[in-house]
Amino acid sequence: MSLAVITPAKARDLTTAENARADLGLLTGAPTDDQLKRFIAQASASAASFCRRTFGRETVRERFEIDWRRCRDEDVEGLLLSRAPAVQIVSVMVDGLTLAPSVYELAEQPAHPVSLFYLRHLVDGEPRAWAGRAVTVEYEAGWLLPGEERGDPAATTAPDLPADVERAVIQLVGAAVSASGRDMMVKSEDVEGVGSFSYYVQGASAALPHPEAEATLAQYRRMAFA
């Protein structure tokens with residue numbers, strides 16, 4: 001199996017400056033718009049890297065090698081697509097021949113928090129095992145990100161980015177804003193006449209600087225295979 005990106009995601013920021021300011025209670029100009037945009041880009045990149053997935057919509061080409069000796073019509077679940085959520089199938093080829101849309105379908109198997117998507121082969125409208133040596137499928141996958149326009153008429157049927165993912169990224173932005181004004185090596189400090197302050201310090205086992213954000217994003221983390 002191999003996968004290549006045909007059309008990269010045009011948007012990668014997983015929240016907007018307006019949403020981040022509103023949720024974090026940030027005043028206009030503190031941080032500046034440019035600083036906030038950098039924090040959002042950094043937090044979005046950290047979330048994508050941690051989850052091992054691209055959240056924005058991309059068109060990809062995936063190739064499956066078929067073992068005809070194991071093909072049975074009882075095995076009609078289909079080919080599990082690597083990218084999810086899958087939005088639409090662009091084309092399917094078997095051994096270099098393009099198939100008509102009537103002989104395949106995109107099937108969704110609900111799962112939490114991201115459904116599984118299968119490419120099924122159809123014969124007379126009924127699921128059948130794939131035949132041939134190789135199946136190559138081009139498809140669009142990913143979410144509509146905050147700030148992106150769906151269009152009228154809609155240019156895509158992609159689902160909106162899950163709200164908890166955006167919240168986790170905003171929490172990471174908040175951590176960056178908080179850390180930008182202090183010495184990261186200081187765990188606590190006492191200010192005479194004011195009080196004492198303690199700060200969260202990322203532990204050696206933590207991957208992200210906000211524990212709740214890491215717990216949320218862990219649900220969306222794709223498994224890594226050697």
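Here the structure is a predicted model, which means the values were calculated and not measured. In what follows, every heavy atom counts, from backbone to side chain, and hydrogens, waters and symmetry copies are set aside.
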Is it true that Glu58 and Arg12 make a salt bridge, defined as a side-chain N closer than 4.0 Å to a carboxylate O?
yes

How would you list, by chain and number, every residue that makes a side-chain hydrogen bond (donor to acceptor under 3.5 Å, both in side chains) with Ser44, sequence neighbours excluded?
none

Derivation and outcome, side chain to side chain contact (heavy atoms under 4.5 Å, CB included), residues Arg21 and Val173:
CA-CA 10 Å; Arg21 282 197 189 278; Val173 171; over 6 Å; no

Which heavy atom of [X] sits nearest to which heavy atom of [Y], and what is that distance?
{"X": "Val87", "Y": "Gly142", "answer": "CG2-O, 3.7 Å"}
{"X": "Glu214", "Y": "Leu208", "answer": "OE1-N, 3.0 Å"}
{"X": "Thr32", "Y": "Gln35", "answer": "N-OE1, 3.0 Å"}

Can you list the residues that meet the ring pair (Phe, Tyr, Trp, His ring centres under 6.0 Å) rule with Phe55, with sequence neighbours excluded?
Trp143

Residues which pass salt bridge (Lys or Arg N to Asp or Glu O under 4.0 Å) with Glu126, listed by chain and number, not counting sequence neighbours:
none

Check against side chain to side chain contact (heavy atoms under 4.5 Å, CB included), Ile66 and Arg133
CA-CA 5 Å; Ile66 305 299; Arg133 293 182 178 275; 5.8 Å; no

To the nearest 0.5 Å, tell me how far Ile40 CD1 sits from Leu14 CG.
10.0 Å

Give the table of side-chain donor-acceptor pairs shorter than 3.5 Å for residues 160-171, with sequence neighbours excluded, one pair per line with atom names and distance.
{"residue": "Asp160", "atom": "OD1", "partner": "Arg150", "partner atom": "NH2", "Å": "2.8"}
{"residue": "Asp164", "atom": "OD1", "partner": "Tyr220", "partner atom": "OH", "Å": "2.7"}
{"residue": "Asp164", "atom": "OD2", "partner": "Tyr220", "partner atom": "OH", "Å": "3.1"}
{"residue": "Glu166", "atom": "OE2", "partner": "Thr15", "partner atom": "OG1", "Å": "2.8"}
{"residue": "Glu166", "atom": "OE2", "partner": "Asn19", "partner atom": "ND2", "Å": "2.8"}
{"residue": "Arg167", "atom": "NH2", "partner": "Glu212", "partner atom": "OE2", "Å": "3.2"}
{"residue": "Gln171", "atom": "OE1", "partner": "Ala213", "partner atom": "N", "Å": "3.4"}
{"residue": "Gln171", "atom": "NE2", "partner": "Glu212", "partner atom": "OE1", "Å": "3.4"}
{"residue": "Gln171", "atom": "NE2", "partner": "Glu212", "partner atom": "OE2", "Å": "3.2"}

Are side-chain heavy atoms of Leu81 and Glu62 found at a separation under 4.5 Å?
yes

Indicate every side-chain donor-acceptor pair of residues 103-119 with a distance under 3.5 Å to a residue at least two apart or in another chain.
{"residue": "Glu108", "atom": "OE2", "partner": "Ser115", "partner atom": "OG", "Å": "2.8"}
{"residue": "His112", "atom": "NE2", "partner": "Gln219", "partner atom": "OE1", "Å": "3.2"}

Test of understanding: with side-chain contact (heavy atoms from CB on, under 4.5 Å), list the residues that count as partners of Ala141, not counting sequence neighbours.
Arg83, Tyr139

